[in-house]
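Notes to accompany the following structure.
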Protein chains: 2
Amino acid sequence: MDGLRLLPLLDGAPVERSDAARNREALLAAAQELVSRCGVEAVTMDAVAARAGVGKGTVYRRFESREGLMAALLNHSETAWQASVLSGPPPLGPGAPPLERLLAFGHSRMETNLLHGDLIQAAGHSGARAFAAVSFAAMHVRYLLNEIGVCGDIPILTTALLAPLEQVILQQQTHIEQLPLDRIRRGWDDLVRRVVTADPPDSVDVVAP
Amino acid sequence: MDGLRLLPLLDGAPVERSDAARNREALLAAAQELVSRCGVEAVTMDAVAARAGVGKGTVYRRFESREGLMAALLNHSETAWQASVLSGPPPLGPGAPPLERLLAFGHSRMETNLLHGDLIQAAGHSGARAFAAVSFAAMHVRYLLNEIGVCGDIPILTTALLAPLEQVILQQQTHIEQLPLDRIRRGWDDLVRRVVTADPPDSVDVVAP
DNA sequence: ATAGAAAGCGGACCACAGTCCGTTTAGTCC
DNA sequence: GGACTAAACGGACTGTGGTCCGCTTTCTAT
């Protein structure tokens, strides 16, 4: 008699129905295959739906938009990467001094961003990337800067360090300006060194929110 | 008898026919009006064509794509901005010491990038922006860094400084992280200070190409 | 087992970016 | 002025992202 019982367990996650889960798997698999067989371009919403044997509406129900679908695909590799940052071997993972970890972090992120270039671009500003990737990277860099003992507005400095690692920027440097990856990597090391070793600004009263 | 006479004056610009010129004007005006009356979203290729009283094909003939059209719109304000950098009053224009010019440059670019946010986004990687805007800004920053006497890989440092001024990054900071503009501005000043005042790296053998 | 309700499903449908090609027009040369 | 050519034009057409809504499936409660 009370409709409350119908609500998902204690109001937590809206529970996922079995067919929904099955379809999500199928869609991700279909998309993955399409992207690895014919490139990102070929990943058409109709194509994915057809290959997964579902209607187009279903694709949009699971993943908001095309960008959302791409973001979901990205999340797989992204998660693996996060794991290697959090618990992989040094210097990327824990164990090395924070400055070395920061340098390794930059090189690693540079590589993955270039590796998944077109996927990242196709994902655009959507979904999980704005959440997972960006905020994780920011969190980690903030943490390392704190460990190193850098003074100043850490969140802003973090953005400044992360910005040149963004796919768009790297793309520009490698594809248009034709800079060798090596040089870009040295550039990162240099940038970090400059940011980290500078004297603190006159007034340091800004605190991370 | 010789077809050479038919070629445009000494092979320079492919000469623009009068109707073509007229239509370009009309299209730009139509687009400009649409964007300022109904926002960038409303700038549909059909809408622009209709308002300008031409066919859709004509729009695509003049401006490659929607992004191209947006880039063309941007170019107007961009040109004015470039003028104020090259010959406006200090500290943005010439007359102030280079460090102050660099700081002012950042503030100014930040403002215009935020002001034309959606237009920039709609222009994407297209046409004139990749040319005019980006390369002009890069040129100017390289020049200022040289004037200041900064050592190291100037092109790479330039990219590192320019990256956090990109629209995408600023958008993220202001709209998602809700950071006040003031703080971002101070962040720029701090970043410049750190980059500029650091000791030169051990080996400085990289030269701008 | 069965009924009821919410969640999920599918594919027709719409809007818009971008293409194509037969027709028109602006210049040029005699 | 008239003929000729290359450029420009226009709008029908296509492909794809995204929406909508009537139908189906799953799950829960009895």
Side-chain angles (χ1 to χ4, degrees), chain A residues 1-27 30-31 34 38-71 121-127, chain B residues 1-9 11 13-27 30-31 34 38-71 121-127:
Chain A
M1 45 219 50
D2 62 355
L4 283 180
R5 209 62 71 75
L6 292 179
L7 288 178
L9 330 158
L10 297 168
D11 99 314
V15 245
E16 184 174 54
R17 247 168 60 170
S18 60
D19 51 348
R22 199 176 343 116
N23 282 336
R24 167 157 66 245
E25 291 304 311
L27 285 168
L34 273 179
C38 320
V40 174
E41 307 287 286
V43 182
T44 267
M45 294 311 251
D46 297 85
V48 174
R51 174 160 219 94
V54 303
K56 201 200 318 203
T58 303
V59 190
Y60 280 93
R61 171 174 302 276
R62 292 299 99 199
F63 316 89
E64 284 289 87
S65 60
R66 188 184 133 99
E67 296 195 344
L69 175 58
M70 298 308 192
Q121 237 170 333
H125 307 283
S126 172
Chain B
M1 47 223 49
D2 60 356
L4 283 181
R5 210 61 72 76
L6 292 179
L7 288 177
L9 329 159
D11 98 311
V15 247
E16 183 174 54
R17 243 166 65 168
S18 61
D19 51 349
R22 199 176 343 115
N23 281 337
R24 167 157 67 242
E25 290 303 311
L27 284 168
L34 272 180
C38 318
V40 173
E41 308 287 286
V43 182
T44 267
M45 295 309 253
D46 298 85
V48 173
R51 173 160 219 95
V54 303
K56 202 200 319 204
T58 304
V59 190
Y60 281 93
R61 171 173 304 276
R62 286 304 91 158
F63 315 90
E64 284 289 89
S65 61
R66 188 185 131 98
E67 296 195 345
L69 174 58
M70 298 307 190
Q121 237 171 331
H125 307 283
S126 171

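Given the structure is predicted, the values throughout are model-derived calculations rather than measurements. Naming: A, B, ... by sequence-line order, numbering from 1 per chain.
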Expressed as a whole number of angstroms, how long is the span from [X]:[atom1] to [N]:[atom2]?
X       : N      : atom1 : atom2 : answer
B:Glu41 : C:dA17 : CD    : P     : 11 Å
B:Arg24 : D:dC9  : CZ    : C1'   : 16 Å
B:Arg61 : D:dA7  : CZ    : P     : 10 Å
A:Arg66 : D:dG18 : CZ    : C1'   : 13 Å
A:Arg22 : C:dA7  : CZ    : P     : 18 Å
B:Tyr60 : C:dC21 : OH    : P     : 17 Å
A:Glu16 : C:dA7  : CD    : P     : 13 Å
B:Lys56 : C:dA15 : NZ    : P     : 13 Å

Do the side-chain N or O atoms of [X] get closer than 4.0 angstrom to the phosphate oxygens (OP1, OP2) of [N]?
X       : N      : value
B:Thr58 : D:dG10 : yes
B:Arg62 : D:dC9  : yes
B:Arg17 : D:dC9  : no
B:Ser65 : C:dA17 : no

For B:Glu16 versus B:Ala21, what's the shortest heavy-atom pair and its separation?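 Here B:Glu16 and B:Ala21 meet closest at OE1-CB, 3.5 Å.
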
Listed by chain and number, what are the side-chain hydrogen bond (donor to acceptor under 3.5 Å, both in side chains) partners of B:Gln121, not counting sequence neighbours?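 Partners of B:Gln121 under the side-chain hydrogen bond (donor to acceptor under 3.5 Å, both in side chains) test: A:His125.
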
Applying side-chain hydrogen bond (donor to acceptor under 3.5 Å, both in side chains), name anything that partners A:Arg51, two or more places apart in sequence or on another chain.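 Checked A:Arg51 against side-chain hydrogen bond (donor to acceptor under 3.5 Å, both in side chains); matches are A:Glu33.
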
Those residues that, when tested against [X], pass side-chain contact (heavy atoms from CB on, under 4.5 Å) (two or more places apart):
X       : answer
B:Ala52 : B:Ala26, B:Leu27, B:Ala30, B:Val54
A:Ala42 : A:Cys38
B:Arg61 : none

Please list, by residue number, the residues of residues 44-53 of chain B whose heavy atoms come closer than 4.0 Å to an atom of DNA chain C; answer none if no residue qualifies.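 Heavy-atom cutoff 4.0 Å gives B:Thr44, B:Met45.
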
Donor-acceptor pair, B:Arg66 side chain versus B:Val43 backbone, under 3.5 Å?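 Yes, the answer is positive, given that a donor and an acceptor are paired below the 3.5 Å cut-off.
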
